[in-house]
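Structure record follows, encoded as structure tokens.
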Amino acid sequence: MTTVVPLTDAHCDALVRFFAELPEGDRTFIREDVTDPDVVRGWAAGSPGVDRWVAVDDGDRVLGYVAVLRLPGWSDHVGEVRLVVAPAGRGSGLGGELARHATVHALEAGLTKLVVEVVADQGAALALFTGLGFTGEALLVDHIRGRDGQLRDLMVLAHHVGDTWAGMRAVGLTEALGDPS
Ligand SMILES: CC(C)(COP(=O)(O)OP(=O)(O)OC[C@H]1O[C@@H](n2cnc3c(N)ncnc32)[C@H](O)[C@@H]1OP(=O)(O)O)[C@@H](O)C(=O)NCCC(=O)NCCS
């Protein structure tokens, strides 16, 4: 069984292994230098405005990671989501579970807008976030350059939490939040 839990010291070595085994292209979604074990170990101490969770199996292996980072200054009502699932664990709902978990906690923490950057040709990531109520807010053309030199478009998807409870109910987020109706 896989469970989603807040990142603690106990998960750090497994998380370092998880990142090391990811294809390089997937690692870039995390933005921080996850090839440096000290960076990953430093996360467990926690930092203001950053929440991180891991999906772990019965053998304490990390199969997925999600984080919400509160933006600074005049955008401190906005959280940025970063999500990745191990290639072998994809397609069975884990990405959706992690994204839902992060969204619910971000709302509880008082964030009113969430954003996520998705490569425009990543069907699974687009399906996942639009299914949770995110919509396209910006298309950054030729914004990413792969190792092959190929340019790809980046989409910024956003979830405006200030929108109606009805919208959130539709995607099943209110159960976990305690729907007032
Ligand atoms: C995006 C990602 C996290 C999805 O993880 P996952 O565990 O496969 O997600 P799920 O199994 O919950 O599937 C999510 C949705 O994508 C759909 N999907 C899965 N594979 C797909 C594919 N190849 N093409 C289109 N849709 C696909 C699923 O049907 C599901 O939609 P549904 O909930 O409407 O059924 C994973 O592909 C990943 O780590 N990608 C690289 C990093 C990334 O792009 N992160 C997002 C931006 S930070």
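All ligand and atom numbering here is 1-based and tracks the order in the structure.
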For side chain to side chain contact (heavy atoms under 4.5 Å, CB included), just list the numbers for Val66 and Arg52, CA-CA rounded to whole Å, side-chain angles, deciding distance to a tenth of an Å, and then say yes or no.
CA-CA 6 Å; Val66 69; Arg52 305 176 197 273; over 6 Å; no
Under a 3.5 Å cutoff, is there a donor and acceptor pairing between the side chains of His160 and Glu137?
yes
May I have every N or O pair linking ligand 1 to the protein at under 3.5 Å, one per line with atom names and distance?
unit_1, atom_1, unit_2, atom_2, d
ligand 1, 7 (O), Gly95, N, 2.8
ligand 1, 8 (O), Gly91, N, 2.7
ligand 1, 11 (O), Gly91, N, 3.3
ligand 1, 11 (O), Ser92, N, 3.2
ligand 1, 11 (O), Gly93, N, 2.7
ligand 1, 12 (O), Gly96, N, 2.8
ligand 1, 16 (O), Ala124, O, 3.3
ligand 1, 39 (O), Val85, N, 2.9
ligand 1, 39 (O), Arg90, NH2, 3.4
ligand 1, 45 (N), Leu83, O, 2.9

Who else is in Val39's hydrophobic cluster (ILVMFWY, side-chain heavy atoms under 4.5 Å, direct or via others)?
Val5, Leu7, Leu15, Val16, Phe18, Phe19, Leu22, Ile30, Val34, Val40, Trp43, Val54, Val56, Val62, Tyr65, Val84
Could you work out, with salt bridge (Lys or Arg N to Asp or Glu O under 4.0 Å) as the rule, every residue matching Glu117, not counting sequence neighbours?
Arg31
Hey, could you give me the CG/CD distance between Leu128 and Glu97, rounded to the nearest 0.5 Å?
11.0 Å
My understanding is that only residues two or more places apart in sequence, or in another chain, count here; which of them pass side-chain hydrogen bond (donor to acceptor under 3.5 Å, both in side chains) with Asp76?
none
